[in-house]
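Only heavy atoms go into these numbers, but all of them, side chains included; no hydrogens, no water, no symmetry mates.
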Amino acid sequence: SRSELFLDNLSLISDIMGRLSVLSPTALWIVATAPVDTIVYLMYQTFSLPRQKVIGLNQNDTSRFRLAIAETLSVPATAVEAFVLVEHGRNQVPIFSRIRIHGETVNLTSAQTGQIREKISDFFVQWHNLHPGRTPGWTSAVSLGDIIGSFISGDGQIWVCSIPLEGEYGLKEVSLGVPIKFGRDGVQE
């Protein structure tokens, strides 16, 4: 479980943030450390960061979901628009009702939905069975590059990132993966 990494990673992040937040108080902070949702919220609280300036990377879940859809429907992954919300972890919520292929809404059969759910839930087991000798962390690097590019260009693309919630969806005092758009000063919407 990603939560097992909490204490070690919190100590590391706190030390780094303590030094860097003084040097760059207006930076956009992107957390890519597990458990991302919990660490984002604690950074927001501990360092009094504006919530539009601290986000957590959970794009990997969305990428895996899109790949599973693409494989199931025999389409290119780049043609798939779909999102995974809420938690980066066991309680992730793939949004089947909003899947689009080449911009067109897709209705899946229950068999296809089951196949996709199985692929995304078994991802780490499948990965470890390959004995790759490395983590699947390269997907995080790709996602970070894409998100930073989107922020800099202001392209208006929708991303799913963990952000502290202040009443959205009826939730407060928690950070969860929700759809966001960037503006000049961080998360705009």
### Query
In chain order, what residues pass the side-chain hydrogen bond (donor to acceptor under 3.5 Å, both in side chains) check against W159, with sequence neighbours excluded?
S150

### Query
Applying side-chain hydrogen bond (donor to acceptor under 3.5 Å, both in side chains), which residue pairs with at least one partner in residues 169-181 are found, sequence neighbours left out?
S162-S175

## Note on the structure
With sequence neighbours left out, the residues meeting side chain to side chain contact (heavy atoms under 4.5 Å, CB included) with T109 are A111, Q112

## Note on the structure
Applied to residues 67-83, the salt bridge (Lys or Arg N to Asp or Glu O under 4.0 Å) test, sequence neighbours excluded, yields E71-K119

### Query
With sequence neighbours excluded, what pairs up with D15 under the salt bridge (charged side-chain N to carboxylate O under 4.0 Å, His left out) test?
R19

### Query
Taking the six-membered ring where the residue is Trp, are the ring centres of F96 and F65 under 6.0 Å apart?
yes

#### Entry: Partner residues of R184 under the side-chain hydrogen bond (donor to acceptor under 3.5 Å, both in side chains) criterion, sequence neighbours left out
none

Do any side-chain atoms of residues 39-57 form donor-acceptor pairs under 3.5 angstrom with protein atoms, and if so which ones, sequence neighbours left out?
residue: Y41; atom: OH; partner: Q45; partner atom: NE2; Å: 3.4
residue: Y44; atom: OH; partner: E166; partner atom: OE2; Å: 2.3
residue: T46; atom: OG1; partner: L42; partner atom: O; Å: 2.7
residue: R51; atom: NE; partner: E166; partner atom: OE1; Å: 3.4
residue: R51; atom: NH1; partner: P164; partner atom: O; Å: 2.7
residue: R51; atom: NH1; partner: E168; partner atom: OE1; Å: 3.4
residue: R51; atom: NH1; partner: E168; partner atom: OE2; Å: 3.1
residue: R51; atom: NH2; partner: E168; partner atom: OE2; Å: 2.5
residue: K53; atom: NZ; partner: T26; partner atom: O; Å: 2.8

### Message
Applying side-chain hydrogen bond (donor to acceptor under 3.5 Å, both in side chains), can you list everything that pairs with T33, at least two apart in sequence or on another chain?
### Response
none

## Note on the structure
Hits for side-chain hydrogen bond (donor to acceptor under 3.5 Å, both in side chains) against Q115, two or more places apart or cross-chain, chain-then-number order -> none

### Message
Rounded at 0.5 Å granularity, tell me how far OG in S140 sits from CD1 in I147.
### Response
9.5 Å

### Message
If the condition is side chain to side chain contact (heavy atoms under 4.5 Å, CB included), which residues does L20 pass it with, not counting sequence neighbours?
### Response
I16, L23, W29

### Sequence neighbours excluded - salt bridge (Lys or Arg N to Asp or Glu O under 4.0 Å) pairs with any residue from residues 138-163
none

### Query
Quick one: side chain to side chain contact (heavy atoms under 4.5 Å, CB included) partners of I101, sequence neighbours excluded?
I69, L73, V75, A79, V80, I99, V106

